[in-house]
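What follows is a single structure, written as structure tokens, with notes after it.
We number each residue from 1, following the sequence as shown. Whatever order the structure lists them in is the order used to number ligands and atoms, beginning at 1. For the numbers below, each heavy atom of this structure counts, side chains included, while hydrogens, waters and symmetry mates do not.
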Amino acid sequence: MGPTALGSPFVDNIVLTGFMGTGKTSVGRELGTRLRMEFVDTDEIIESRHGPIDRIFAEHGEQAFRRFERDVASELGQRKGLVIATGGRMLLDPVNLDDLTRNGRVFCLVATPEEAHRRITTDEIGSERPLLGGDDPQRRIAELMAERSDGYSRFPQIDTDHRDVATVADEIVRLWLAAETA
Ligand code: S3P
């Protein structure tokens, strides 16, 4: 595949996973612009259909949210040419993983618990992450990261600590082009 195929509906999707606060949405948006591929964010799709995530959790429970994630994974798995930022647990569900790897290549963004916490508390949707709603979000982040580390470790790891969005995007473009042209 040559560079002329960028932005084509025939290239594999780029799928970003990783813990909350690792920069999936910002990096995904940057990749979409650079590669002229459509960018989608699974949380945004769910919110556009069902309302704010914190309200879904509060009114219908986490299981309902996870079912909405499965619907989105199944739909996006049938498309190509997308950059997809996924919710932090989406690809830890084997059904979603199957759906999104059919036409997609996954990269996992990584940050320390301290850095993830800093980003979550300064980004615009910090208050909408119901899993971090207790009195000690930083401890909760460390616990959840530890629980999920095996699941995330199966994907190529992209360090995001002390690196800006452009630098992280550069690394992913390099890896993705190398894989797509191999
Ligand atoms: C979640 C991550 C969130 C969102 C929901 C649950 C998780 O997405 O899907 O609050 O379980 O890790 P981001 O990773 O985009 O914050």
If you group Ile, Leu, Val, Met, Phe, Trp and Tyr by side-chain heavy-atom gaps below 4.5 Å, do Met37 and Phe107 land in one group?
yes
Within the structure, does Phe57 bring an N/O atom to less than 3.5 angstrom of an N/O atom in ligand 1?
no
Among Glu62, Met20, Arg66, closest by any non-hydrogen atom to atom 11 (O) of ligand 1:
Arg66
Are Leu16 and Leu177 co-members of a hydrophobic cluster defined by side-chain heavy atoms under 4.5 Å apart?
yes
Sub-4.0 Å atoms of ligand 1 with respect to non-hydrogen atoms of Pro130
10 (O)
Option set Lys24, Glu44, Arg148, criterion heavy-atom distance to atom 7 (C) of ligand 1, minimum
Arg148
On a heavy-atom basis, the closest approach of Ser74 and Gln78 is O-CG, 3.1 Å
For Arg119 and ligand 1, answer yes if some heavy atom of the residue is under 4.0 Å from a ligand atom, otherwise no.
no
Considering only heavy atoms of Asp43, which atoms of ligand 1 have at least one such atom less than 4.0 Å away?
3 (C), 4 (C), 8 (O), 9 (O), 13 (P), 15 (O)
Met145 side, atom CE; Tyr152 side, atom OH - distance, nearest 0.5 Å:
8.0 Å
Heavy-atom count around Glu59 CD within 6.0 Å, excluding the residue itself: above 12?
yes
When clusters are formed by joining ILVMFWY residues with side-chain heavy atoms under 4.5 Å apart, either directly or through shared neighbours, do Ile56 and Val72 land in the same one?
yes
Judged by non-hydrogen atoms, does Met90 sit under 4.0 Å from ligand 1?
no
Heteroatom distance test (Thr25, ligand 1): nitrogen or oxygen, under 3.5 angstrom:
no
Between CD1 of Ile158 and CD1 of Ile172, what distance do you get to the nearest 0.5 Å?
5.0 Å
Sub-4.0 Å atoms of ligand 1 with respect to non-hydrogen atoms of Leu131
7 (C), 11 (O)
Can you sort out which atoms of ligand 1 are near Gly87, meaning under 4.0 Å from one of its heavy atoms?
8 (O), 9 (O), 14 (O)
So for ligand 1, is Thr86 a polar contact partner (N or O within less than 3.5 Å, distance only)?
no
Check ion pair Glu114-Arg118 (N to O, under 4.0 angstrom)
no
What atoms of ligand 1 come closer than 4.0 angstrom to any heavy atom of Arg129?
16 (O)
